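Scroll down for the structure; my scribbles are underneath it.
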Amino acid sequence: MKPSVLVAEDEGALVTLLRYNLEREGYRVLEAQDGEEALLVAAEEKPDLVLLDWMLPQLSGIEVCRRLRGRQETRNVPIIMLTARGEESDRIRGLDTGADDYLTKPFSMTELLARLRAVLRRIRPSLAEDVVRVGDIEMDRAAHRVRRSGKEVHLGPTEYKLLEHLIQHPGRVFSREQLLDAVWGSDVYVEARTVDVHVGRLRKALNLDGVRDPVRTVRSAGYALEDGVTAA
Ligand code: CA
């Protein structure tokens with residue numbers, strides 16, 4: 001699955017340049033030409049990262065950033081602000097609002113791509129790398145393999161997708177509904193307890209020879225994958 005990047009920018013020439021370079025690097029590109037559209041596309045398409053221009057028509061980039069952070073479904077999306085201004089106070093305001101990084105125009109594509117990879121690696125390691133590790137669990141997405149403490153773990157397709165989702169956000173608790181949306185898709189009707197069944201299978205497959213259980217059940221809230229530092 002290619003990571004998707006929402007480019008919220010009203011300068012056509014820059015959008016063309018960004019699209020060309022991002023697609024060449026293997027990203028899927030979504031576009032929005034003003035602030036309102038950026039919010040709509042972000043809510044509908046759930047991009048993996050947002051490149052957000054500071055000066056946008058309708059709603060400013062800073063306001064878009066604030067609203068993205070205020071909504072459940074976009075709260076955690078990585079945001080890189082693009083700004084034409086160089087003032088330190090503006091930069092700080094940008095980060096205060098919840099942006100993960102910022103770039104001052106004009107910037108080189110090499111720098112943009114490096115920052116983008118760095119933000120993705122920090123926030124969603126599995127999008128930037130083929131091999132993701134959490135504690136003693138290793139997931140190789142290119143080879144479609146999972147190992148625990150070096151031993152091969154065999155997972156069914158649903159358990160694999162569950163682990164793939166959980167491993168992207170170690171420690172974060174997901175409700176059954178969120179896991180249903182992420183693994184089965186929001187247009188499929190599946191009962192919430194189906195999630196419990198598959199989490200049970202995932203747990204069983206991962207827990208070899210009585211080693212620590214990395215899947216944490218949070219009563220009436222959901223499930224999380226622990227990295228081994230925070231869990232007993
Ligand atoms: Ca602009």
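These figures come from a predicted structure and were not determined experimentally. Numbers for residues simply follow the sequence, beginning at 1.
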- For Ile80 and Asp100, what are the C-alpha separation, side-chain angles and deciding distance, and is it a side-chain contact (heavy atoms from CB on, under 4.5 Å)? CA-CA 6 Å; Ile80 300 180; Asp100 297 282; 5.6 Å; no

Taking the side chain as every heavy atom from C-beta outward, state whether [X] and [Y] have any atom pair closer than 4.5 Å.
X      : Y      : answer
Val29  : Ser4   : no
Pro78  : Val50  : no
Leu22  : Arg28  : no
Leu82  : Lys105 : yes
Arg141 : Val131 : no
Leu49  : Val119 : yes
Leu17  : Met109 : yes
Leu112 : Asn21  : no

Give the minimum heavy-atom separation between [X] and [Y], together with the two atoms involved.
X      : Y      : value
Gly26  : Pro3   : O-CD, 4.2 Å
Ala205 : Val153 : O-CG1, 3.5 Å
Ala38  : Leu6   : O-CD2, 3.6 Å
Ile167 : Pro170 : O-CD, 3.5 Å

With sequence neighbours left out, write down each residue that passes side-chain hydrogen bond (donor to acceptor under 3.5 Å, both in side chains) with [X], or none if nothing qualifies.
X      : result
Thr194 : none
Glu73  : none
Arg176 : Asp196

Calculate, to the nearest 0.5 Å, the distance between atoms [atom1] and [atom2] belonging to [X] and [Y] respectively.
X      : Y      : atom1 : atom2 : answer
Thr74  : Leu68  : OG1   : CG    : 4.5 Å
His198 : Leu180 : NE2   : CG    : 10.0 Å
Glu11  : Leu18  : CD    : CG    : 9.5 Å
Arg216 : Tyr223 : CZ    : OH    : 12.5 Å
Leu206 : Ser149 : CG    : OG    : 10.5 Å
Tyr27  : Leu113 : OH    : CG    : 6.5 Å

- Message: Looking at Arg193, I want to see if its CZ is surrounded by more than 12 non-hydrogen atoms of other residues, nucleotides or ligands under 6.0 Å.
- Response: no

- For Tyr20, look at atom OH and say whether over 12 heavy atoms of other residues, nucleotides or ligands are found less than 6.0 Å away. no

Does any N or O in the side chain of [X] come within less than 3.5 Å of the main-chain N or O of [Y], such that one atom is a donor and the other an acceptor?
X      : Y      : answer
Arg115 : Tyr102 : yes
Arg69  : Val77  : yes
Asp53  : Ala8   : no
Thr83  : Trp54  : no
Asp34  : Leu56  : no
Gln178 : Ser175 : yes

- Query: Are Val197 and Val215 connected, step by step, through hydrophobic side chains (Ile, Leu, Val, Met, Phe, Trp, Tyr) whose heavy atoms are closer than 4.5 Å?
  - Reply: no

- Item | Cluster overlap Leu40 with Ile79, hydrophobic side-chain contacts below 4.5 Å | no

- Message: Run Met81 and Asp101 through side-chain contact (heavy atoms from CB on, under 4.5 Å) and show every step you take.
- Response: CA-CA 6 Å; Met81 295 285 291; Asp101 202 354; over 6 Å; no

- Query: Is any NZ, NE, NH1 or NH2 atom of the basic residue among Asp140 and Arg145 found under 4.0 Å from an Asp or Glu carboxylate oxygen of the other?
  - Reply: no

- Message: Any salt bridge linking Glu164 with Lys161? Criterion: basic side-chain nitrogen under 4.0 Å from a carboxylate oxygen.
- Response: no

- Non-neighbouring partners of Tyr160 that pass ring pair (Phe, Tyr, Trp, His ring centres under 6.0 Å), sequence neighbours left out: His144

- Does any pair with a residue in residues 37-46 pass side chain to side chain donor-acceptor pair (under 3.5 Å), and if so which ones, sequence neighbours excluded? none

- Message: Would Val190 and Val183 count as a side-chain contact (heavy atoms from CB on, under 4.5 Å) here? Give the steps.
- Response: CA-CA 11 Å; Val190 183; Val183 174; over 6 Å; no

- Evaluation steps, salt bridge (charged side-chain N to carboxylate O under 4.0 Å, His left out), between Glu138 and Arg148: CA-CA 6 Å; Glu138 181 185 291; Arg148 182 152 195 213; over 6 Å; no

- Query: Under the 4.5 Å side-chain heavy-atom rule for ILVMFWY, direct or indirect, which residues accompany Val173?
  - Reply: Val218

- Message: Could you walk me through whether Leu59 and Arg67 satisfy the side-chain contact (heavy atoms from CB on, under 4.5 Å) test, starting with their C-alpha distance in whole Å, then the side-chain angles of each, then the deciding distance to 0.1 Å, before giving a yes or no?
- Response: CA-CA 10 Å; Leu59 274 179; Arg67 293 197 195 180; 3.6 Å; yes

